[in-house]
There are 2 protein chains.
Amino acid sequence: MNPAPTDASPARTAPSVPAPTRREQILREAARLFAERGFHGVGVDEIGAAVGISGPGLYRHFAGKDAMLAELLVGISGRLLASGRERRAAAEAADAGPAAVLGSLIDGHIDFALDDRALIILHDRELGQLREADRKQVRSLQRQYVELWVDVVRALHCGVAEDDARAAVHAVFGLLNSTPHLGRVGGLPGRDATAALLRRLAHGALAALTGPARH
Amino acid sequence: MNPAPTDASPARTAPSVPAPTRREQILREAARLFAERGFHGVGVDEIGAAVGISGPGLYRHFAGKDAMLAELLVGISGRLLASGRERRAAAEAADAGPAAVLGSLIDGHIDFALDDRALIILHDRELGQLREADRKQVRSLQRQYVELWVDVVRALHCGVAEDDARAAVHAVFGLLNSTPHLGRVGGLPGRDATAALLRRLAHGALAALTGPARH
DNA sequence: CGTTGCGGTTAATGAGCGTTAACAGATCCT
DNA sequence: AGGATCTGTTAACGCTCATTAACCGCAACG
């Protein structure tokens, strides 16, 4: 199954990064291209060219163009959910309150938004291009992730209705996922500063969930 | 130019809505379909069928599929900017402070987000499908709208850097534009309640712009 | 009453593109 | 050595789909 028995290669020292396999190269480039020009806007030849092979050579690694998108979307959705669960478990193991759990969820999501911008774009832009089965799986993972947040938000803000909490969580996702819309990396004041800004905005939005009505 | 000289038709009483012209029907249905399945995911035959004519009949009204998308995106961008300018002018004419101006901008944007969900989706999903000239125009309108917000935000929060303000404005747009991602109209607690919730979240986020650093 | 033009129709065209076929050079295992 | 497998290649196929061509009814109008 794994064509690379060890990392025995022209590797100079010890590659702490285990040398990206061809599949991973393809997925990374495909994600970048899909995010730039849309799933239908990029042809298989371009994806191939981006990794140095051309056109139909991709079919040695993937069943088709759809399969690449599916793997990307299932992957990011799964990692988001896994990260969220780990963070909640870790915070609860440390006897932290709901506020700390929520803070950790926010931090984790910010990491994804800043480090996997292409996937963040794809994951709600191209969901409709998936085959029914894959789409259902991605939606299921997304829904579980949302519900994880909803539970934490409601634990923190006891009074809020479930629908309001869910809408607020979606809104905060929209807020945190906004960084891809900032032209490339141009206007961003640096990764850490951006993360800090997003963190404050997200906490501010959620803090307003309970409180005096506006207007 | 206008084929309907008056609204003399089997109109029962006085149609305060001026009877949608064919072009408008097409644009509305195209917007809905594009938002549902993506620009490339819907064919001209489907758009035609949605308004009762079939296929190439659309070319009597539009130069091509691209032209429909362009008109939709330029339209929504222009209306957003116009609305924003009007609201600022109105608020300033009433001698309102920056806080009131910002509140009016938020209210106006919420109206668009809730009433033109399809266009809100399209306007940052399918920008890349436009011809260069149209894309530049839409981007210009969007940029002016953003800068309008940035000015108001900076007037209200004197200390914040321009880049931070811009990032925060983008983030608030992401927050306000999140409603389309709530499955159709299902989990929404009613239009007014949703608007109120979004208003509170947006104000909360922006209020956090200046204040104690998180963590 | 012609005729002009608007708003349709169906059939044909042609490009783009995902996918498959057929073939070939390594590398590895025995 | 010699097949088997993995990973490429180029050429061909076939389908989808936007766009154009050619044709037509019909309302307005002089």
Side-chain angles (χ1 to χ4, degrees), chain A residues 1-11 19-31 33-34 36-72 126 128-132 134, chain B residues 1-11 19-31 33-34 36-72 126 128-132 134:
Chain A
M1 188 64 88
N2 193 345
T6 67
D7 49 346
S9 296
T21 174
R22 217 348 103 82
R23 274 184 72 89
E24 290 166 340
Q25 282 184 55
I26 296 174
L27 284 175
R28 178 159 45 246
E29 294 304 306
L33 291 168
F34 290 161
E36 274 175 12
R37 306 210 295 279
F39 179 68
H40 288 292
V42 41
V44 289
D45 290 353
E46 300 177 74
I47 303 173
V51 298
I53 74 182
S54 218
L58 296 171
Y59 286 75
R60 297 295 173 200
H61 304 275
F62 293 94
K65 204 179 146 191
D66 302 344
M68 299 179 207
L69 183 63
E71 191 157 328
L72 288 172
E126 311 285 3
Q129 313 300 334
L130 259 44
R131 283 176 20 247
E132 175 67 15
D134 297 318
Chain B
M1 189 64 87
N2 193 345
T6 66
D7 48 346
S9 297
T21 175
R22 209 3 95 81
R23 274 183 72 88
E24 290 166 340
Q25 281 184 54
I26 295 173
L27 285 175
R28 178 158 45 247
E29 293 304 305
L33 290 168
F34 290 162
E36 275 175 12
R37 306 209 294 278
F39 179 68
H40 288 292
V42 40
V44 289
D45 290 354
E46 301 177 73
I47 304 173
V51 298
I53 74 183
S54 217
L58 296 170
Y59 286 75
R60 298 294 173 200
H61 304 275
F62 293 94
K65 207 178 141 191
D66 301 346
M68 299 179 208
L69 183 64
E71 192 157 327
L72 288 172
E126 311 284 2
Q129 312 303 332
L130 259 45
R131 284 178 15 249
E132 176 68 15
D134 298 318

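Proteins get letters first, then strands, A, B, ... in listed order; numbering begins at 1 in each.
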Please state how far atom [atom1] in [X] lies from atom [atom2] in [N], giving the value in whole angstrom units.
{"X": "B:Phe34", "N": "D:dA18", "atom1": "CZ", "atom2": "C1'", "result": "12 Å"}
{"X": "B:Ile53", "N": "C:dG8", "atom1": "CD1", "atom2": "P", "result": "5 Å"}
{"X": "A:Asp45", "N": "D:dT9", "atom1": "CG", "atom2": "C1'", "result": "12 Å"}
{"X": "B:Leu58", "N": "C:dG7", "atom1": "CG", "atom2": "C1'", "result": "12 Å"}
{"X": "B:Arg23", "N": "C:dC6", "atom1": "CZ", "atom2": "C1'", "result": "14 Å"}
{"X": "A:His40", "N": "C:dG16", "atom1": "NE2", "atom2": "C1'", "result": "13 Å"}

### Query
If only side-chain N and O atoms of B:His61 are considered, is one of them under 4.0 Å from the OP1 or OP2 phosphate oxygen of C:dG8?
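For B:His61, the contact criterion (side-chain N or O under 4.0 Å from OP1 or OP2 of C:dG8) is met.
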### Query
Would you say a side-chain N or O of A:Arg60 is under 4.0 Å from OP1 or OP2 of D:dT9?
no
Base, sugar-phosphate, or nothing: which does [X] touch, judged by heavy atoms less than 4.0 Å apart?
{"X": "B:Gly55", "answer": "nothing"}
{"X": "A:Gly57", "answer": "base"}
{"X": "A:Val51", "answer": "nothing"}

### Task
For the pair A:Glu126 (side chain) and A:Phe39 (backbone), establish whether a donor and an acceptor sit closer than 3.5 Å, ignoring hydrogens and angles.
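It does hold such a pair.
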### Message
Can you confirm whether A:Lys65 sits close enough to A:Phe34 that some side-chain heavy atom of one is under 4.5 Å from a side-chain heavy atom of the other?
### Response
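The answer is yes; the side chains approach within 4.5 Å.
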### Heavy-atom side-chain contact between A:Met68 and A:Leu58 under 4.5 Å
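SC-SC contact between A:Met68 and A:Leu58 confirmed.
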### Query
For B:Arg23, does the CZ atom sit with more than 12 other heavy atoms under 6.0 Å from it, leaving out its own atoms?
yes
### Comparing A:Pro56 and B:Pro56 on DNA chain C - which has the more 5′ nearest nucleotide
B:Pro56
[X] side chain, from C-beta outward: closest of [options]:
{"X": "B:Tyr59", "options": "C:dT19, D:dT19, C:dG8", "value": "D:dT19"}
{"X": "B:Lys65", "options": "D:dT9, D:dA18, D:dA11", "value": "D:dA18"}
{"X": "B:Asp66", "options": "C:dT9, D:dT19, D:dT10", "value": "D:dT19"}
{"X": "B:Ser54", "options": "C:dT9, C:dA22, D:dT19", "value": "C:dT9"}

### Task
Give the ring-plane orientation class for B:His40 versus A:His40, where under 30° counts as parallel, over 60° as perpendicular and anything between as tilted.
tilted
